[in-house]
Amino acid sequence: MLHSKKLSLLSFMIAIFAISSCEEELIRNIIVAERLDSLITDVTEPVDELSPATTLANVIYEETVEGPQPFSTAHDWDVGDWDYALQFVNSPVFKGNRSARFEIQKDQELVANGKRSEVTIIKGAEEGVAKEMWYSFAVLFPTIGYEYDSEREVINQWFQNGSPATSLRTQKDRILLESGNTIDTRVKYDIGAITKDTWHTFVIHFIHSYGSDGIIELWHNGTKKLTIQGGNMYDDILPKWKIGLYKAAFKDESSDVTRRIIYFDNVKVGNKDSTHETLDPKL
C-alpha cells in the first residue's frame, strides 16, 4: 500500500513538471510572437508570406527574413527588450526585401550574463544537429556601426558550454575563425579583411568531433579559404549554432567603440547530404 502511494505521488509530480514545462514553452512562444510584431520596421515593399519551412533538398532550416515572423522557428533568442537589439529592415538587403539587423551597445544591460544580441538557430541532436552538418549565411558590416576595434567579438558560435570551441569572430577589421577541442588548443585562422557596406557570404561544412576525424571547410564569398582537420568541439554534447553579436570587451569595458551593428540574411542549415552549391546564400 505504501509503495502504491509513493508511485502515485511520483506520477503526480511528473504530471506537474510536464504541465509546467508546457506552460513555459507556451509563454516563450507568446513572447517571441509579440516581439516579432514589434521588430519589423521600415518595410516599404510588399513582403510575401512565405512558409517558415524550407523546400530545398537536404536543407533543414532556412530563414530569408521575408516571411511574417522571421526566426519564429529558431530555437531561442538572447536579445534584450530594447528596440535596437534586433530589427527586420528593408535596407540594406542581400536578397528580397528584408534583412535582420542586430545591435549591441557598451552600456546596455546584460543578456544571458553578457553584452549580446543573438539568435540560436538550431540546438543539438533533438533539433537535427548531427555529426556532419552544413551552415551558411550572408553578413554585412556597416561603416557606421562597425568601426575598427582592437578588441574582438563573436558573430557566429557553435556553443556547448563556456567559451565556444569553434566561433567566427572579428578583430582589427579582420574576419577570424577560432577552433579547437580545448581552450588551450584553439587556433586562430585569418579568413580575410572586412569590406564594409558589402555583403559577405559564408558556407561552412562541419564534421563535429572532439577527435581527429573532425573537419571544418569554409568558403568565403564563393572561394574556399580553409580546410581544418582535427577536434573542433569539446568532449560533450553536440553544439547549438548562434548568430548575431556577442562582445566580452563591452562587459569589461576594454573596448574603445561603444556599439556594434551587423546585418544577416539568407541563413541556412543543411544535413550531411548538402553541398556548397545547395547552401550558397546567393541561391
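The backbone N or O of S255 sits less than 3.5 Å from a side-chain atom of K106, completing a donor-acceptor pair. With D265 contributing its side chain and V93 its backbone, the two residues share no donor-acceptor pair below 3.5 Å.
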Side chain to side chain donor-acceptor pair (under 3.5 Å) between H200 and H220, worked out: CA-CA 7 Å; H200 296 251; H220 176 217; 2.9 Å; yes
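Screening residues 102-122 for ring-ring contact (aromatic ring centres under 6.0 Å, His included) gives F102-F264 as the qualifying pairs, with residues at least two apart or on separate chains. Pairs of residues two or more places apart, or lying in two chains, that qualify as side-chain hydrogen bond (donor to acceptor under 3.5 Å, both in side chains) and include a residue from residues 231-240 are R186-Y234.
Two residues are said to be in side-chain contact when any heavy atoms from C-beta on lie closer than 4.5 Å; I122 and I60 meet this criterion. Two residues are said to be in side-chain contact when any heavy atoms from C-beta on lie closer than 4.5 Å; Q105 and T258 fail this criterion. By the 4.5 Å heavy-atom criterion applied to side chains, I243 and F71 are counted as neighbours.
Between the side chains of N113 and K251, at least one donor N or O sits under 3.5 Å from an acceptor N or O. Side-chain N/O atoms of Y146 and T170 include a donor and acceptor closer than 3.5 Å. Between the side chains of E127 and Y61, no donor-acceptor pair of N or O atoms lies under 3.5 Å. Looking only at atom types and distance, the side chain of S254 has a donor-acceptor partner in the side chain of D252 under 3.5 Å away.
With a 6.0 Å cutoff to the six-membered ring centre and a 45° limit on the axis angle, R101 does not count as a cation-pi contact of F88.
A single hydrophobic cluster is not seen to contain both I261 and V154; linkage of ILVMFWY side chains at heavy-atom distances under 4.5 Å, directly or through other members, places them apart.
Environment of NZ in K272: sparse, with no more than 12 heavy atoms of neighbouring residues, nucleotides or ligands closer than 6.0 Å.
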